[in-house]
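Just so you know, residue 1 is the first one in the sequence shown, and it goes up from there. Please read these numbers as outputs of a predicted model, since none were measured by experiment.
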Amino acid sequence: MDPAQSLGGQNRSSFLPLEYVLQGSIEDKSAHLLRARLQGLCDNITGEVELFDDHEIVYSLRPPAPTNVSLRVRYALDDLPNPIYHLRYVAAAELDKSTHVSIRQFHDCCVTKNIQAFLQELGFGYDYEFYAKGDIYRKGRIKITVAKISTSTERNRNDGNPMVNRRPFTDSCFVEMSLIGSVLDDKVGDEMKSFADQLKPKELDCNIFNMNNTDSFAIVHFPQNPKITAEEMLDIQFDTTTTTIKTADLTYEGQNTKSSDLCGVLGFVDDQGHIHLSSNFDLYSMRPKLTDFNVTISQNLNNDDNKLSRTDLDEKFGTEKKRRSVHSKKRNAIEANILETAVSAAREQVVNTSNEQLSESLNNNSIISLDTDEQMAIPKPNYDAQKPEEVFQLSDIINESDLLMLNDKSNEIVDATKELIQKWSKEGTYTAFVCDQMKKLPVSHGERVSCASKILYLHYLITFFKRSVFKRLTGKPFPDDAPRPLQDKALHVYAIANINERTRKQDNTVPPRLRLKLTAHICILALHICQYTVDIDSLRSSLGSSTSLLKLQDIFSELGCKIIKVAQTSVARLETPITKPKIKDTLSVGSNRKRKRTT
């Protein structure tokens, strides 16, 4: 045998396509819960789920052939009357316990519509057929299908769509997770197993009570101590909104969460081993009551008096350095009665504090640290607005005639695919914040063009902001492909024309007041594009390091937005009615600084 052919055959066998598969089923009445979770976990950018309706026919080569070979012919019923036929060979699955998934070789290709007659001439015989209709989800390179399998009362011989002859095979949906790889992919099984674990039902160590002998249940969950049993509960008091449970040590309180606010079905096994399912339940997450902590502290302090601690040993038998450390700790120690008084006073202060003062002290959203000149440069919101659209007039930044000039250029954004947007973000053609908004365009074509024009103008303003870092504009304000009237308008609004004394040429400078106005217009335009909820961290990274996160938060607060924290990310949300911001007292802030000691 030729060595080159032998080496080529080894290389081809090393890179045969393999299909990693996990299969399962779910009942029809619970399939919508699985679809809802998949739609939240998977990468469907447009929000629309991919549907399919296929007809598959299986042919087998029967004895006297040495092995039983099966080929599958599949076509989409949605493509009738001219469907595209696929011929697929799937080998027997090999279960590898180290990878947690089944592995099988496969070959797939497109064929002509005469494939069934051709297979019969080769000796293949009709085995069975079925119909699969369902949804397709994708998570990275993982493909997940949730399909309803149906059979036919009689064989379909004319490639039609016999809807009247279909009948469901079972009362369940077939779920399959697959990934195409090679033998060199050694982490595929762990990747699929990790994603499959996210689809498992949530298990809680909790107690379940039947409310008034009906099909309504109450779930009591203790996050800090999940091992509390019903026998340890001395007193249980259920209410419409809260519940109180007393144990030998502490008293617990929990707020009511209705089943309508949760996406799920309660399932539990009783003492006889019967499984019960119910969608009518209340969830109580129990927390220790604040008033019990004083008793716990005093008990712990009294118990410590009877024990010989390491501190006592160091004081009596330790070195001089150890004894000095112990004496210093005793001088700085807080007595038990002082500690109880301080805790009680702090608790009463928290209880007596109004909700409005508490929210201001926690969120600190309505306090502005901008000086008077900076506040004058930022547009004032309409405090009488009833809707977020009425707070700012978008025509003050860009009017309808300006948007029409960007329609031709914005068509490139309207027709952009996911791969092209990722390429733009990687190459730096557009910033990450702008690329994220390109992925969220509306479905209607007219709205897509209008939104794409606003996103393009936001890109121009961000470019202007980056080119005016050192108070002097370097080059043109916008990219070269921007319309000239828009560039002249931006220079008139955000820059001042000066004569350079050295070169005697006209230069454009951007003073801090106009640069702050440009930043505020970027924030307002981002609010209109993002449906009045903006990720401040993402916008700040797109603007560059010249603007701090706190400065950007102050600008959004001055515009009337509320600053909230979502998953360690700062988010600005514009809601009506708008409350007027408060100004920090600079005198009180300055008085807290340490003064230099004078002699």
Side-chain angles (χ1 to χ4, degrees), residues 367-382 391-399 402 431 433-434 454 456-480 482-529 534 536-561 563 572 580-584 586 589-590:
I367 298 179
I368 308 301
S369 60
L370 301 175
D371 55 27
T372 306
D373 295 336
E374 290 176 337
Q375 292 179 13
M376 294 296 294
I378 296 178
K380 298 300 179 183
N382 180 13
V391 177
F392 296 101
Q393 296 295 329
L394 190 61
S395 58
D396 297 339
I397 303 175
I398 180 171
N399 52 37
D402 296 337
T431 60
F433 181 82
V434 173
K454 296 176 185 178
L456 184 60
Y457 192 70
L458 177 64
H459 165 63
Y460 290 159
L461 292 182
I462 293 176
T463 304
F464 192 172
F465 182 86
K466 291 182 176 180
R467 293 182 179 181
S468 60
V469 176
F470 301 104
K471 297 184 181 180
R472 186 178 300 276
L473 184 61
T474 57
K476 298 179 180 180
F478 292 165
D480 296 335
R484 182 58 183 269
L486 294 182
Q487 300 194 36
D488 296 340
K489 180 180 178 180
L491 290 175
H492 177 72
V493 176
Y494 307 115
I496 298 176
N498 294 324
I499 301 298
N500 194 328
E501 296 180 357
R502 185 175 59 86
T503 60
R504 296 296 176 183
K505 295 182 179 180
Q506 180 177 346
D507 287 342
N508 295 308
T509 60
V510 183
R513 177 177 58 84
L514 295 181
R515 181 175 169 82
L516 186 60
K517 180 180 180 181
L518 172 61
T519 308
H521 283 186
I522 291 175
C523 296
I524 294 173
L525 187 56
L527 285 171
H528 278 271
I529 295 174
V534 178
I536 303 179
D537 293 327
S538 177
L539 181 60
R540 185 256 174 189
S541 62
S542 298
L543 292 176
S545 59
S546 60
T547 300
S548 65
L549 181 62
L550 296 178
K551 186 76 171 181
L552 208 57
Q553 290 179 356
D554 290 341
I555 294 175
F556 274 107
S557 298
E558 178 69 19
L559 295 175
C561 298
I563 310 301
K580 292 186 178 181
K582 299 179 181 180
I583 310 300
K584 280 185 177 179
T586 56
V589 174

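- Side-chain contact between Lys517 and Val493: present, with at least one pair of heavy atoms (C-beta onward) separated by less than 4.5 Å.
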Next item on the list: Tell me, with the steps shown, if His521 and Tyr494 meet ring pair (Phe, Tyr, Trp, His ring centres under 6.0 Å).
Entry: CA-CA 10 Å; His521 283 186; Tyr494 307 115; 5.6 Å; yes
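- The CG atom of Leu527 sits 9.0 Å away from atom CG of Leu539, with the distance rounded to the nearest 0.5 Å.
- Atom CG of Leu552 is separated from atom CD1 of Ile563 by 8.5 Å, given to the nearest 0.5 angstrom.
- Put simply, the residue from Ile522, Thr431, Leu461 that forms a side-chain contact (heavy atoms from CB on, under 4.5 Å) with Leu543 is Ile522.
- In this structure, Ser538 and Ser541 approach most closely via the heavy-atom pair O-OG, 2.7 Å.
- Going from atom NZ of Lys466 over to atom OG of Ser542 covers 6.5 Å, rounded to the nearest 0.5 Å.
- Closest non-hydrogen pair, Lys489 versus Ile397, comes out as NZ-O, 3.9 Å.
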Margin query: Apply side-chain contact (heavy atoms from CB on, under 4.5 Å) to residues Lys454 and Leu394 and explain how you reach the verdict.
Written below: CA-CA 10 Å; Lys454 296 176 185 178; Leu394 190 61; 3.6 Å; yes
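- For the atom pair CZ (Phe433) and CD1 (Ile462), the distance works out to 7.0 Å, reported to the nearest 0.5 Å.
- Summarising the geometry, atom CZ belonging to Arg513 is positioned 12.5 Å from atom CD1 belonging to Ile378; distances are rounded to the nearest 0.5 Å.
- Here the side chains of Pro381 and Leu559 are not in contact, with every heavy-atom distance at 4.5 Å or above.
- Summarising the geometry, atom CZ belonging to Arg540 is positioned 10.5 Å from atom CD belonging to Gln553; distances are rounded to the nearest 0.5 Å.
- Residues Ile524 and Pro379 approach most closely at CD1-CG, 4.0 Å, considering heavy atoms.
- A 4.5 Å side-chain heavy-atom check between Tyr457 and Asp402 finds every atom pair outside the cut-off.
- Closest non-hydrogen pair, Leu514 versus Ala495, comes out as CD1-N, 3.9 Å.
- In this structure, Arg515 forms a cation-pi arrangement with Phe465, its terminal cationic atom sitting closer than 6.0 Å to the ring centre and no more than 45° off the ring axis.
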